[in-house]
Amino acid sequence: MRKLNPGLLMSIPTLLFLFFWFFFPFLYNIYASMHYWTLYNPNIQFIGAENFIDVLSSIDFRNSAFASFFYTIICFAVELPLGLGIAVLLSREFKGVGIARVIIAIPILMIPIGTSIMWKLLTMPKLGLLQYFSEVLGFGVIDFYGNFWLASLLILLIDAWQWTPFFAIVLLAALVSLPREPYEAAKVDGASPFMVFTKITLPSIQPVMVIVSILRVLDLLKLADPIFVVTKGGSGTETLSAYIWRVAFKPLDIGYGGAVAVLYWILMFVLANILVRRFKSVIQ
Amino acid sequence: MNKSKTSSNIIYVILVLIVLVWTLLPIYWTVTAAFKSRIEVVAWPPTFIPEKPTINWFIEVWYDRPNPNYYANSILAMIGSTIIALALGIPAAYGCARYTFKGRQDVLFTILTFRFLPPATVVMPLYLIGRTFHLIDTTLFLSILYGGMNIPIITWVMLSYFREIPVELEESYQIDGYTRFEAFRRVTFPLARPGMVAISMLVMAFSFGEFLFASILTTSPVAKTLPVSIAEYMGGEWGYMWNQMAVLTTYGLIPLIIIFFLVRKNLVRGLTFGAVR
Amino acid sequence: MRRDLSEKSVGRRSFLKVAGATAGGLIVGGVAGYLLNPGEKVWTTVTETTTKTVTGTATVSPTAVPWEQYFPRADRIMKDWELKWTGWDPTEYITTTDWVRSIDWGKVKSKYAGQTVTMACEGVDISAPQTFQPGFQGISGASLQLFGIPPETLHEKLMAEFTAGTGRYDTAELFGAWAQAYFPYMIDIRPFAQTYGVDLKDIHPAFRMMNTGPNGELLGVVEDADLHSFICRKNLLDKAGLKIPTTWDEVLEACEVLKPIGAKEGWYPWITYYSAKGFLTFWYWGTIAVQFRDVTYTRLDSWEPNFVGDEEGGVRALEIHKKLLEYSPPGSINNTYELGREQWLAGLGAMATSHQCWPRQSYDPELSKISPLNTDNIIEIRPYPKGTTNHAPENITTTYLGIPKTSKQQELAFLWSVYMNSQESSALMGCHGTGVESGFVSVISNPKVWKGQPAYKNIWETAWTAATETFVYIPEAYAIEEAAGAEIYRYLDGSEPSAKKALQNAEAEVRKILDKAGYLKTGIKPPPWTVEDWCKEHNEVNPKP
């Protein structure tokens with residue numbers, strides 16, 4: 001017998017672990033998706049592709065797919081530049097920079113459910129602190145919970161508050177460990193700070209940016225927590241994860257839920273594949 | 001020249017202050033809510049400093065429900081899952097970084113796909129599996145699942161780390177008569193440690209705050225975790241119990257902040273993900 | 001370029017630091033948690049005075065025990081201001097009958113002393129069982145363990161456990177609307193009731209109907225019995241020169257008058273109880289829709305859903321629902337119960353419909369900014385506004401304590417559920433403002449109790465006309481409400497401009513679910529959905545004031 005490659009050998013336990021605990025249960029979704037199956041009804045019937053047809057013809061499914069991508073894009077588009085900005089800001093050495101670097105990371109450490117609930121406290125009409133600021137500044141009551149755009153803004157705020165630091169600390173670490181020589185050379189050549197940033201800094205931290213971005217995007221695609229707190233999935237803000245929760249998990253409709261899960265997974269698989277392939281050269 | 005430098009410094013300080021205020025305001029609000037009375041939490045206009053600060057909520061939360069146990073469980077699950085994720089994520093990362101084999105890209109990609117699996121889709125079958133292995137209502141089960149959820153992060157980040165460390169270094173050790181494993185232990189592992197510390201921090205934060213698995217797969221004070229407890233103070237006839245939730249959120253911040261503060265030097269060095277060239 | 005390797009290596013010191021950090025985290029959380037682990041103490045710490053007297057005398061021999069000291073009584077539950085407000089004699093029972101007083105506890109104690117019974121309940125309301133836990137432990141000699149579950153996942157978690165057969169609980173708090181899904185996993189409690197002479201018929205039929213099976217089997221003792229009322233702050237209406245509205249048209253007129261006044265003073269004419277997408281939308285619309293009598297969820301002889309209504313009463317109700325949202329604080333379209341409650345108690349609204357809890361909690365100075373005890377507010381509780389005909393408030397909400405078949409302590413579990421939900425204890429819980437409300441005829445018709453929970457007067461007067469909150473109480477209830485609610489919601493958020501079309505879509509969705517589940521084929525009659533019809537079918541007297 002040919003000897004197994006040690007690299008593969010080292011990966012096998014990991015793969016087996018993941019397959020056993022996550023893929024194996026997921027297979028059950030594939031089986032369930034072809035059946036009429038609810039947890040409270042003992043009769044399980046084979047119905048072929050009916051669940052898939054139902055899901056694909058559902059307006060809510062399409063809307064939630066849109067919302068998922070919409071939030072992924074806006075959150076990412078805000079968090080990455082903001083995170084980079086904060087990283088640049090704190091990469092300079094000044095008194096107290098150490099403590100500032102710790103402080104900006106605290107939001108990551110908050111329990112997400114607690115974060116969401118505290119943002120609710122901050123934004124309740126006529127009761128929350130942000131609403132108070134808005135009233136003092138003369139904007140009146142902000143409809144954070146009922147209006148799609150404002151609710152999206154709040155979801156963005158919550159997510160950006162908690163996860164911008166993720167980009168910030170990672171990019172900060174990258175910035176402070178950059179070698180000094182190219183900068184000194186640029187200084188001698190009289191390059192403008194903007195030129196230095198785009199020509200030297202950005203290319204050097206690009207690999208880091210790509211890796212954190214991919215990880216963050218994958219997390220954003222399953223965004224659900226702030227949605228429950230802000231709108232409970234109303235006003236068009238329902239994401240795919242929240243949709244699965246509402247139509248499959250809560251009503252215990254395993255068949256329909258299975259179909260949504262399978263479709264979701266295919267969608268994500270394709271997307272992740274594109275992302276990884278696109279940035280393959282940068283990562284390696 | 002001097003003047004413009006001062007003014008740019010002022011702008012700089014203002015920007016830093018804005019970032020800090022933006023970050024700290026919700027946290028400040030959380031912590032003060034823990035000291036306010038129930039009605040003062042939603043006072044209008046809001047009070048920035050609690051009028052009659054009370055520590056009753058801290059005491060109530062600690063003693064009225066088994067929150068100390070939940071707290072301990074959260075920490076156990078956090079540590080357990082980090083160990084599992086490291087133990088399984090690092091060999092895969094190392095294997096893929098050091099050896100070329102057919103399907104290596106596929107292995108890495110397969111591992112990554114587990115990052116976008118929404119928990120709601122697998123939690124019901126997991127309940128049945130857990131029952132078969134008598135794992136329901138144990139922190140071990142949570143550790144396994146959280147560990148699994150975080151393996152993709154560990155593997156991908158450590159992968160780029162290991163790639164950064166020149167393979168010649170290990171080879172020189174092997175020439176000296178050490179085994180491959182010894183070489184790894186003596187050379188690569190110490191070099192990659194800051195990265196491990198840094199990424200473990202993130203994994204810890206992810207595990208500490210997980211809600212859905214914990215709420216379905218645990219029941220009793222033996223295994224239930226802090227986020228589930230927070231959710232128990234919301235809904236039902238009492239509506240939002242702001243004070244209690246604020247207290248628990250504050251409690252939840254303490255251990256992570258302490259760890260974070262102690263390892264901050266490692267973090268800055270480690271979080272480069274070894275990918276800066 | 002690669003950096004110098006020596007820069008990257010980490011010294012022993014920093015490694016020690018990391019280890020120290022981890023240990024530090026452990027000390028702060030884990031070790032402190034275990035050291036301070038209150039164990040039993042957690043479950044018995046209750047702030048009320050009862051606890052102290054009870055825990056001190058738990059070891060007295062059964063024959064010598066004066067059982068009265070464990071019976072629920074006003075002075076053992078209520079706060080000082082509550083006793084003063086109601087003017088009760090604190091040493092007297094406020095109800096005339098109480099099944100706890102008729103059970104032979106000596107016998108129970110000799111049989112069950114030292115054994116353990118477990119209960120699963122909504123984590124939020126765990127304070128209710130906690131209040132009665134010391135008393136029960138004293139009176140029965142058994143110990144009680146409570147497991148809290150977040151309300152958000154209660155239904156799913158219990159279903160997962162029941163279907164998997166891992167019965168960890170001897171008794172569980174179940175939600176009435178979706179109760180039929182639990183049927184196959186629960187025991188009938190009537191035999192136990194007979195053994196101990198517990199008169200379950202004292203529970204109002206309105207709160208019993210959804211927990212009753214097709215053959216009259218009863219799944220549990222009612223724990224929390226809610227019914228909608230209309231509440232308003234009379235002082236605000238008076239100032240605008242308005243009478244308390246009795247019909248929906250009057251409500252909308254009053255809202256129009258109040259709107260400019262409220263805009264100036266910082267409040268809104270209406271508070272939406274709940275309206276978030278899904279089953280909450282369906283319920284809120286439903287509470288209004290049944291006021292227009294021609295809407296039937298199902299005709300009694302067939303499963304055909306009829307949301308539009310024969311004279312389009314359902315459409316009218318949906319239009320009212322949307323109007324009310326305009327008179328509510330911004331964002332009310334996605335209100336959940338908790339947020340609505342927050343807004344009401346903060347004084348953001350002049351009128352609302354709600355369960356009994358809001359009116360009662362409005363009086364509590366520690367919870368409410370509009371408490372009549374320290375402001376000049378006047379809270380009025382009235383019957384639900386009428387539609388075209390004189391009908392009932394819909395929306396009976398119950399939770400009840402069921403005993404799973406997997407329970408190993410069925411009898412003891414039954415004893416706990418009747419102890420916790422006896423007439424006296426439920427009356428006290430209602431009057432204490434916990435939101436856990438009484439469903440007993442003997443309690444809600446008792447004028448003495450009305451002093452502590454003013455909403456009971458209205459509940460007693462309207463409960464006989466009530467209807468179920470849910471589409472129809474079958475296991476698919478949740479799925480149906482969720483699907484129909486999502487369709488109805490489309491009219492509210494404007495993505496479906498026609499109310500009638502939205503309701504027809506909802507009908508179609510529901511028909512699809514019913515068809516899949518096989519109801520349309522079988523020819524079984526749907527269960528009745530009003531109290532009157534239910535009483536007729538089960539040959540019971542509908543208690544009327």
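The chains referred to below are lettered A, B, ... by the order of the sequence lines, with proteins before strands, and numbering in each begins at 1.
Among C:Thr153, C:Leu367, C:Thr434, the residue with the largest count of heavy-atom pairs under 4.5 Å with chain B is C:Thr434. Taking B:Ile230, B:Ile257, B:Val123, B:Thr218 one by one and counting their heavy-atom pairs under 4.5 Å with chain C, the maximum is reached by B:Thr218. When C:Ser368, C:Cys357, C:Pro151 are compared by the number of non-hydrogen pairs under 4.5 Å with chain B, C:Pro151 comes out ahead. Of the listed residues B:Trp242, B:Phe261, B:Tyr233, B:Tyr251, the one with more heavy-atom pairs under 4.5 angstrom with chain C than any other is B:Trp242. Across C:Glu152, C:Lys369, C:Glu156, the residue that shares the most heavy-atom pairs under 4.5 angstrom with chain B is C:Lys369.
Of all non-hydrogen atoms in C:Lys157 and B:Ile216, the two that sit nearest each other are NZ-O, 2.9 Å. Of all heavy-atom pairs between C:Tyr169 and B:Thr219, the closest is OH-CG2, 2.9 Å. Taking all atoms of both residues into account, the shortest heavy-atom contact from B:Val228 to C:Pro150 is CG1-CG, 3.4 Å.
For the pair C:Ser127 and B:Trp238, the minimum side-chain heavy-atom distance is below 4.5 Å. Side-chain atoms of C:Phe147 and B:Lys224, non-hydrogen and from C-beta on, never get closer than 4.5 Å to each other.
Here the straight-line distance linking atom CD of B:Glu232 with atom CG of C:Leu154 works out to 10.0 Å at 0.5 Å rounding. Atom CG of B:Asp64 is separated from atom CD1 of C:Ile126 by 9.5 Å, given to the nearest 0.5 angstrom. Atom CD in C:Glu338 sits 7.5 Å away from atom CE in B:Met234 (nearest 0.5 Å). Note that CZ of B:Arg131 and OG1 of C:Thr163 are 8.5 Å apart. Values are rounded to the nearest 0.5 Å.
Using a 4.5 Å cut-off between heavy atoms, B:Ser200 does not touch chain C at all. Proximity to chain B (any heavy atom under 4.5 Å) is restricted, for C:Gln361, to the side chain, taken from C-beta onward. When heavy atoms are compared at a cutoff of 4.5 Å, B:Leu128 approaches chain C solely by way of its side chain, counted from C-beta outward. There is no contact between B:Ser37 and chain C, counting heavy-atom distances below 4.5 Å.
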Inset, instruction - Give the C-alpha distance, both sets of side-chain angles, the deciding distance and a yes or no for side-chain contact (heavy atoms from CB on, under 4.5 Å) between B:Tyr127 and C:Glu161. - result: CA-CA 8 Å; B:Tyr127 191 94; C:Glu161 300 220 344; 3.0 Å; yes
